[in-house]
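Read the structure below first, then the notes.
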Amino acid sequence: MESKLKIYNTFSRQKEVFEPLNPPFVGMYVCGPTVYSDVHLGNCRTFMTFDVVYRYLLHLGYKVRYVRNITDVGHLESDADEGEDKIAKKARLEQIEPMEVVQRYTNGFREVMHLLNTLPPSIEPTATGHLMEQIAMVQKILDNGLAYEKNGSVYFDVVKFTQQYPHYGKLSGKVVDDLLQESRDLKKQDEKNNPADFAIWMKAAPEHLMHWQSPWSVGFPGWHLECSAMSTKYLGEQFDLHGGGMDLQFPHHENEIAQNVGCCGTAPVRYWMHGNMLTINGQKMSKSLGNSVLPHELFTGQNNFMSQPYSPMTVRFFMLQTHYRSTLDFSDTALQAAEKGFKRLMNSLQLLPQLPHASNTHPTLPDEDKMVQDTCNAIYEHLNDDFNTAMALADLFELSGKINALYHKQLPPDALGLDTFNRLQSVFPAIILDVLGLKDDTAAANNQLADGLMGLILDLRSDARAKKDWATSDIIRDRLKNLKIVVKDGKEGTTWAVE
RNA sequence: GGUCGGAUGGCCGAGCGGCUAGGCAGAGGUCUGCAAAACCUCGUACACCGGUUCGAUUCCGGUUCCGACCUCCA
């Protein structure tokens, strides 16, 4: 029977059957990047995780509105709501307009996302483009008595809020009393009634480059606010899915919930999903630790961690081999292994349309037939089990073996019944291309000229081989090898691939 | 210090109360002019100590180590 999609909900700490509020529509919000510097690989992992979520939901037939914001203001450099805005700081350092910073890194971000073959979101709203909505939300929270103004800044009153909404802290597993009794020596907390309170509007210091007029001061919105305002605007006061990296659970997402409840009285999100961190040498890869590798450094091989370049699709495949809720450690050897495995998968994908057609309705090898059917089912069961892409890939490799065996005549063409054969033809590419978002990104892929030239060369070589002219045949093979093209002789003729 | 999570074969990484993960590397075989590719077979791994159980890598308790969050990060 059809199994149902189950999603691990961070809020309840368990897998839950996914039931959208208004099927077939699904609202999905993912916290996007703060565009003050290049995206690093850890960011990419999160966005790739939710790209697969998005793709799978589409594959299942849902009409998904996928909103992923661009944070271009409000994200402060240091703790205690006191540091400089990250974008403003970058602008000051580089002596350019803040919006130039934003544009530059937004462009870079989109380029990397494109290389990694992630689908663009349905809406990609910016914080600066939604000042009105954010100011309105601040006002509403003030009206509801859950925030207070001090010297032109507005702070969310966590103490008061927790009295009305006992779930504060649940998402991130915090005990409210601990938060309230935070004894750490934070600088300049005097404006806040309580250290746990957080800014939703901040008065701009005179030297601040980014500021807007508001009822309270010329200033800028708090970091958490834009997600609340924009998710509400585009997905409604309550929506289905919200994703982000684990490190956003607290304080970002916890405060997002607080703002929504404080504004609209409703917990905004039905299913909270959090991707785990990427590590390198066992440590979290993060901008602040200075151990991050930029995507293009990985793609070009120009970095201190890897011995060779890795293509965007190799990286994508590598990441999908690990479940999104596990940490993933980046290493050179692991990537090398992934690169080979990925090529294997791509090779089968390429052979699939060339398989001899089975015209028989019934399989001559029922066990093989059943295995293919079972594995196709397993793919969906595994993806339905909280998007277990690692297991789905294992299933795909099982099918890959059958495809190769059929192609190389190690299984007879009529081994599978027609239904099974057709199912294999549709499921295998659909999962790889549509759901996992993988594609052959070698230089020769989809290059008609290369195909034509190689066809010519391999025909000449076949003639030589037919005449047992091994010298000519081997020269062709060796010269191609120097060009990193591998020639594979099989019973069905010769194929080639870029190394 | 508080909270939470993890420790799997040579490497990476799934998973589960008893039955094959998968990829990479390695061994043997089939095929092949040779090579490559492909296919078949193989290693019997689950940090340590107790407990529950007919049976635990999987559940419970403890120990050690590692990591994350608590403060900007996806």
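Per chain, numbering begins at 1; letters A, B, ... match sequence-line order.
Taking Arg479(A) as the reference, nothing meets the side chain to side chain donor-acceptor pair (under 3.5 Å) condition, with sequence neighbours excluded. Residues satisfying the side chain to side chain donor-acceptor pair (under 3.5 Å) test with Asn255(A), not counting sequence neighbours, are Tyr168(A), His224(A). Taking Gln410(A) as the reference, Ala405(A), His408(A) meet the side-chain contact (heavy atoms from CB on, under 4.5 Å) condition, with sequence neighbours excluded. Scored by the ring-ring contact (aromatic ring centres under 6.0 Å, His included) test, Phe318(A) finds Phe330(A) as partners (sequence neighbours excluded). With sequence neighbours left out, the salt bridge (Lys or Arg N to Asp or Glu O under 4.0 Å) criterion links Arg325(A) to Asp386(A). Take Asp369(A) and apply the side chain to side chain donor-acceptor pair (under 3.5 Å) test, not counting sequence neighbours, and it matches Thr420(A). Residues passing the side chain to side chain donor-acceptor pair (under 3.5 Å) test with Tyr407(A): none are found, sequence neighbours excluded.
Spacing between C24(B) and G17(B) at atom P, rounded to whole Å, works out to 28 Å. Rounded to the nearest Å, the gap between the C1' atom of A68(B) and that of G26(B) is 36 Å. Between C40(B) and G51(B), the distance separating the two P atoms is 44 Å to the nearest Å. For the C1' atom pair drawn from A47(B) and G9(B), the interatomic distance equals 14 Å after rounding to whole Å. Comparing U57(B) with U20(B), their C1' atoms are spaced 16 Å from each other, to the whole Å. Nucleotides U8(B) and C59(B) place their P atoms 15 Å apart, quoted to the nearest Å. Spacing of P atoms, U41(B) relative to C49(B), comes out at 35 Å, to the nearest Å. Separation of the C1' atoms belonging to C46(B) and G10(B) is 15 Å when rounded to the nearest angstrom.
Computed from coordinates, the His242(A) NE2 to A74(B) P distance equals 12 Å when rounded to whole Å. For the pair Gln350(A) CD and A38(B) P, the interatomic distance rounds to 12 Å; values are reported in whole Å. Atom CD1 of Ile475(A) and atom C1' of C34(B) are 15 Å apart (whole Å). A36(B) atom P lies 13 Å from atom CZ of Arg461(A), rounded to whole Å. Nucleotide A37(B) holds its P atom 16 Å from the CG atom of Leu480(A), rounded to whole Å. Here the P atom of nucleotide C34(B) and the CG atom of Asp489(A) are 11 Å apart, to the nearest Å. Going from atom CG of Asn255(A) over to atom P of C70(B) covers 12 Å, rounded to whole Å. Counting to the nearest Å, the C1' atom of A68(B) and the CG atom of Leu171(A) are 15 Å from each other.
The stretch residues 106-127 of chain A has no heavy atom under 4.0 angstrom from RNA chain B at all. At a non-hydrogen distance threshold of 4.0 Å, Arg465(A), Trp470(A), Ser473(A) from residues 464-473 of chain A come into contact with RNA chain B.
On a pure distance criterion of 3.5 Å, no polar donor-acceptor pair joins the side chain of Asn276(A) and the base of A68(B). Contact of Arg477(A) with A36(B) (side chain to base): no donor-acceptor pair of N or O atoms is detected under 3.5 Å.
Of the side-chain N and O atoms in Asn43(A), one or more sit less than 4.0 angstrom from OP1 or OP2 of A74(B).
Residue-level contact check: Val39(A) touches neither bases nor backbone, having no heavy atom under 4.0 Å from any strand. Using a 4.0 Å heavy-atom criterion, one finds that Leu396(A) contacts no nucleic acid atom at all. Among the atoms of the strands shown, only primed sugar atoms or phosphate atoms (P, OP1, OP2) are found under 4.0 Å from some heavy atom of Gly244(A). His40(A) comes within 4.0 angstrom of a nucleotide base, judged by non-hydrogen atoms across all strands. Heavy atoms of Gly401(A) sit under 4.0 angstrom from primed sugar atoms or phosphate atoms, though from no base atom. The residue Met319(A) sits apart from the nucleic acid: no heavy atom pair falls under 4.0 Å.
Glu124(A) has its side chain within reach of Ile70(A): a pair of non-hydrogen atoms, C-beta onward, lies under 4.5 Å apart.
Picking from A35(B), G33(B), A74(B) the nucleotide with the shortest atom distance to the side chain of Asp474(A) gives G33(B).
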Criterion salt bridge (Lys or Arg N to Asp or Glu O under 4.0 Å) on Glu381(A) and Lys4(A), from CA distance to verdict: CA-CA 8 Å; Glu381(A) 275 163 31; Lys4(A) 286 183 175 170; over 6 Å; no

Residues Asp478(A), Lys481(A); criterion salt bridge (Lys or Arg N to Asp or Glu O under 4.0 Å); working and verdict: CA-CA 5 Å; Asp478(A) 292 346; Lys481(A) 173 103 179 152; over 6 Å; no

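The main-chain N or O of Leu436(A) is found under 3.5 Å from a side-chain atom of Arg316(A) such that the two form a donor-acceptor pair. Checking side-chain atoms of Thr375(A) against main-chain N and O of Met371(A) turns up a donor-acceptor pair under 3.5 Å. Of the possible donor and acceptor atoms, none in the side chain of Asp463(A) sits under 3.5 Å from a partner among the backbone N and O of Ala466(A). Checked by atom type and distance alone, the side chain of Asp72(A) pairs as donor or acceptor with a backbone atom of Ala127(A) at under 3.5 Å.
When ring centroids are compared, Phe47(A) and Phe109(A) come within the 6.0 Å threshold. For an aromatic pair to be called close, the ring centres must be under 6.0 Å apart, and Tyr155(A) with Phe198(A) fails this.
With Tyr29(A) as the aromatic partner, Arg68(A) does not meet the cation-pi criteria of under 6.0 angstrom to the ring centre and within 45 degrees of the ring axis.
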Dot-bracket pairing map - RNA chain B, Watson-Crick plus G-U, both contacts under 3.5 Å, | cross-strand: (((((((..(((.....[...))).(((((.......)))))....(((((..]....))))))))))))....

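By the 4.0 Å N-to-carboxylate-O rule, Glu16(A) lies too far from Lys6(A) to be salt-bridged with it. A salt bridge does not link Lys343(A) to Asp440(A): none of the charged side-chain nitrogens sits closer than 4.0 Å to a carboxylate oxygen.
Nucleotides of RNA chain B nearest to Gly42(A) and Ser400(A) differ in position, and the one nearer the 5' end is that of Ser400(A).
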Base-contact (B) and sugar-phosphate-only (S) positions in nucleotides 11-25 of chain B, heavy-atom cut-off under 4.0 Å, - elsewhere: SSSSS-----BSBSS

Would you tabulate the pairs of protein nitrogen or oxygen atoms and nucleotide nitrogen or oxygen atoms of nucleotides 2-4 of chain B closer than 3.5 angstrom?
from: U3(B); atom 1: O2'; to: Gly173(A); atom 2: O; distance (Å): 3.3

